[in-house]
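Right, one structure below, let's go through it.
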Amino acid sequence: MLETLGIDFKELIFAVINFLILIGVLGKFLYKPFLGILEKRTQTIKEAFDNAEATNLKADQKYEAYSRILARADDEAREIVKAAKVRADEQANRIVEDAKAEAVKIKEQALSDIEREKMMALADVREQIAELSMLAAEQILEKEISLEGQDQIIDSVLEKAGAGTWQN
(Lines give C-alpha, C1' and ligand atoms only; values in the text may rest on other atoms or scores of the structure.)
Protein backbone atom coordinates (compact mmCIF):
# COMPACT_ATOMS: atom_id res chain seq x y z
CA MET A 1 0.00 0.00 0.00
CA LEU A 2 2.83 2.35 0.62
CA GLU A 3 4.22 1.41 -2.70
CA THR A 4 1.15 2.59 -4.49
CA LEU A 5 1.71 5.95 -2.96
CA GLY A 6 5.28 5.96 -4.18
CA ILE A 7 6.91 5.47 -0.80
CA ASP A 8 9.61 2.89 -0.32
CA PHE A 9 9.23 0.98 2.93
CA LYS A 10 13.01 0.67 3.43
CA GLU A 11 13.47 4.32 2.92
CA LEU A 12 10.68 5.05 5.35
CA ILE A 13 12.24 2.90 8.06
CA PHE A 14 15.64 4.41 7.34
CA ALA A 15 14.16 7.93 7.61
CA VAL A 16 12.33 7.01 10.86
CA ILE A 17 15.56 5.54 12.34
CA ASN A 18 17.52 8.62 11.26
CA PHE A 19 14.85 10.80 12.79
CA LEU A 20 14.97 8.87 16.09
CA ILE A 21 18.77 9.04 16.13
CA LEU A 22 18.55 12.76 15.44
CA ILE A 23 16.07 13.18 18.29
CA GLY A 24 18.31 11.14 20.62
CA VAL A 25 21.44 13.10 19.68
CA LEU A 26 19.61 16.41 19.92
CA GLY A 27 18.04 15.36 23.25
CA LYS A 28 21.36 14.34 24.71
CA PHE A 29 23.50 17.18 23.44
CA LEU A 30 21.02 20.01 23.05
CA TYR A 31 17.80 19.44 24.99
CA LYS A 32 19.33 18.34 28.32
CA PRO A 33 21.84 21.26 28.43
CA PHE A 34 19.01 23.58 27.40
CA LEU A 35 16.88 22.26 30.28
CA GLY A 36 19.87 22.70 32.60
CA ILE A 37 20.25 26.30 31.49
CA LEU A 38 16.51 26.87 31.99
CA GLU A 39 16.71 25.25 35.44
CA LYS A 40 19.67 27.47 36.37
CA ARG A 41 17.85 30.53 35.08
CA THR A 42 14.74 29.56 37.05
CA GLN A 43 16.88 29.10 40.17
CA THR A 44 18.62 32.46 39.61
CA ILE A 45 15.26 34.22 39.21
CA LYS A 46 13.92 32.50 42.34
CA GLU A 47 17.01 33.54 44.32
CA ALA A 48 16.64 37.10 43.00
CA PHE A 49 13.01 37.17 44.20
CA ASP A 50 14.04 35.73 47.58
CA ASN A 51 16.84 38.30 47.86
CA ALA A 52 14.44 41.06 46.83
CA GLU A 53 11.97 39.95 49.52
CA ALA A 54 14.76 39.82 52.11
CA THR A 55 16.00 43.25 50.99
CA ASN A 56 12.47 44.65 51.15
CA LEU A 57 12.03 43.16 54.63
CA LYS A 58 15.32 44.72 55.77
CA ALA A 59 14.34 48.03 54.18
CA ASP A 60 10.98 47.94 55.95
CA GLN A 61 12.72 47.19 59.25
CA LYS A 62 15.18 50.04 58.72
CA TYR A 63 12.34 52.35 57.74
CA GLU A 64 10.48 51.47 60.94
CA ALA A 65 13.67 51.93 62.98
CA TYR A 66 14.35 55.31 61.34
CA SER A 67 10.72 56.30 61.87
CA ARG A 68 11.02 55.48 65.59
CA ILE A 69 14.30 57.40 65.80
CA LEU A 70 12.75 60.35 63.98
CA ALA A 71 9.71 60.26 66.29
CA ARG A 72 12.01 60.19 69.33
CA ALA A 73 14.04 63.08 67.90
CA ASP A 74 10.81 65.00 67.27
CA ASP A 75 9.68 64.34 70.86
CA GLU A 76 13.09 65.39 72.19
CA ALA A 77 12.94 68.57 70.10
CA ARG A 78 9.50 69.35 71.54
CA GLU A 79 10.80 68.71 75.06
CA ILE A 80 13.81 70.97 74.42
CA VAL A 81 11.57 73.74 73.11
CA LYS A 82 9.20 73.28 76.06
CA ALA A 83 12.10 73.39 78.54
CA ALA A 84 13.51 76.47 76.80
CA LYS A 85 10.11 78.17 77.06
CA VAL A 86 9.91 77.33 80.75
CA ARG A 87 13.42 78.65 81.33
CA ALA A 88 12.62 81.80 79.34
CA ASP A 89 9.42 82.35 81.34
CA GLU A 90 11.29 81.81 84.60
CA GLN A 91 14.01 84.22 83.50
CA ALA A 92 11.41 86.78 82.42
CA ASN A 93 9.67 86.44 85.78
CA ARG A 94 13.01 86.82 87.57
CA ILE A 95 13.79 89.94 85.52
CA VAL A 96 10.36 91.40 86.28
CA GLU A 97 10.72 90.59 89.98
CA ASP A 98 14.21 92.09 90.03
CA ALA A 99 12.91 95.19 88.27
CA LYS A 100 10.05 95.48 90.77
CA ALA A 101 12.47 95.07 93.67
CA GLU A 102 14.78 97.67 92.14
CA ALA A 103 11.82 100.04 91.64
CA VAL A 104 10.79 99.58 95.27
CA LYS A 105 14.38 100.18 96.34
CA ILE A 106 14.61 103.33 94.19
CA LYS A 107 11.25 104.55 95.53
CA GLU A 108 12.35 103.94 99.11
CA GLN A 109 15.63 105.73 98.41
CA ALA A 110 13.74 108.62 96.83
CA LEU A 111 11.38 108.82 99.81
CA SER A 112 14.38 108.73 102.14
CA ASP A 113 16.05 111.48 100.10
CA ILE A 114 12.86 113.53 100.15
CA GLU A 115 12.53 113.09 103.92
CA ARG A 116 16.20 114.05 104.41
CA GLU A 117 15.78 117.12 102.17
CA LYS A 118 12.60 118.02 104.05
CA MET A 119 14.41 117.73 107.38
CA MET A 120 17.29 119.81 106.03
CA ALA A 121 14.86 122.41 104.71
CA LEU A 122 13.03 122.52 108.05
CA ALA A 123 16.34 122.90 109.87
CA ASP A 124 17.28 125.68 107.45
CA VAL A 125 13.91 127.36 107.98
CA ARG A 126 14.29 127.06 111.74
CA GLU A 127 17.74 128.58 111.47
CA GLN A 128 16.41 131.42 109.34
CA ILE A 129 13.53 131.98 111.76
CA ALA A 130 15.97 131.97 114.64
CA GLU A 131 18.19 134.48 112.83
CA LEU A 132 15.19 136.65 112.00
CA SER A 133 13.97 136.40 115.58
CA MET A 134 17.39 137.39 116.83
CA LEU A 135 17.45 140.30 114.39
CA ALA A 136 14.02 141.40 115.52
CA ALA A 137 15.01 141.05 119.16
CA GLU A 138 18.16 143.09 118.53
CA GLN A 139 16.21 145.82 116.84
CA ILE A 140 13.65 145.83 119.63
CA LEU A 141 16.35 146.09 122.26
CA GLU A 142 18.27 148.78 120.39
CA LYS A 143 15.36 151.12 120.06
CA GLU A 144 12.80 152.11 122.38
CA ILE A 145 9.97 150.97 120.52
CA SER A 146 6.55 152.26 120.47
CA LEU A 147 3.57 150.19 119.57
CA GLU A 148 3.83 151.47 116.04
CA GLY A 149 7.52 150.58 115.92
CA GLN A 150 6.81 147.06 117.09
CA ASP A 151 4.24 146.58 114.35
CA GLN A 152 6.74 147.93 111.84
CA ILE A 153 9.46 145.53 113.07
CA ILE A 154 7.10 142.55 112.98
CA ASP A 155 6.00 143.45 109.45
CA SER A 156 9.65 143.81 108.45
CA VAL A 157 10.52 140.38 109.93
CA LEU A 158 7.53 138.79 108.25
CA GLU A 159 8.50 140.42 104.97
CA LYS A 160 12.04 139.08 105.23
CA ALA A 161 10.68 135.64 106.17
CA GLY A 162 8.29 135.76 103.21
CA ALA A 163 11.13 136.61 100.83
CA GLY A 164 12.96 133.41 101.90
CA THR A 165 11.98 129.99 100.63
CA TRP A 166 9.64 128.31 103.03
CA GLN A 167 9.10 124.56 102.80
CA ASN A 168 6.95 122.29 104.86
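We number each residue from 1, following the sequence as shown.
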* To do: Dump the intermediate steps for side-chain contact (heavy atoms from CB on, under 4.5 Å) on Asp124 and Gln128, then the final yes or no.
  => CA-CA 6 Å; Asp124 194 32; Gln128 287 178 4; 3.6 Å; yes
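The NZ atom of Lys58 sits 8.5 Å away from atom CG of Asn51, with the distance rounded to the nearest 0.5 Å. To the nearest 0.5 Å, the span separating CG on Leu122 from CD on Glu115 amounts to 8.5 Å. We find the CD-CD1 distance between Glu131 and Ile129 to be 11.0 Å, quoted to the nearest 0.5 Å.
Qualifying side-chain contact (heavy atoms from CB on, under 4.5 Å) partners for Ile17, counting only residues two or more places apart in sequence or in other chains: Ile13, Ile21.
Other members of the hydrophobic cluster containing Leu30, listed by chain and number, are Leu22, Leu26; membership follows side-chain contacts under 4.5 Å among ILVMFWY residues, whether direct or relayed. Under a 4.5 Å side-chain heavy-atom criterion applied to ILVMFWY residues, the cluster that includes Phe19 comprises Ile23 as well.
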Would you be so kind as to tabulate the donor-acceptor pairs closer than 3.5 Å made by side chains of residues 33-45, with sequence neighbours excluded?
residue: Thr42; atom: OG1; partner: Leu38; partner atom: O; Å: 2.7
residue: Thr44; atom: OG1; partner: Lys40; partner atom: O; Å: 2.8

What donor-acceptor contacts under 3.5 angstrom involve side-chain atoms of residues 63-78, with partners at least two apart or in another chain?
residue: Ser67; atom: OG; partner: Tyr63; partner atom: O; Å: 2.8
residue: Asp74; atom: OD2; partner: Arg78; partner atom: NH1; Å: 3.3
residue: Asp74; atom: OD2; partner: Arg78; partner atom: NH2; Å: 2.8
residue: Asp75; atom: OD1; partner: Arg78; partner atom: NH1; Å: 3.3

Side chains of residues 81-110: which donor-acceptor pairs under 3.5 Å do they make with residues two or more places apart or in other chains?
residue: Asn93; atom: ND2; partner: Asp89; partner atom: O; Å: 3.3
residue: Gln109; atom: NE2; partner: Asp113; partner atom: OD1; Å: 3.0

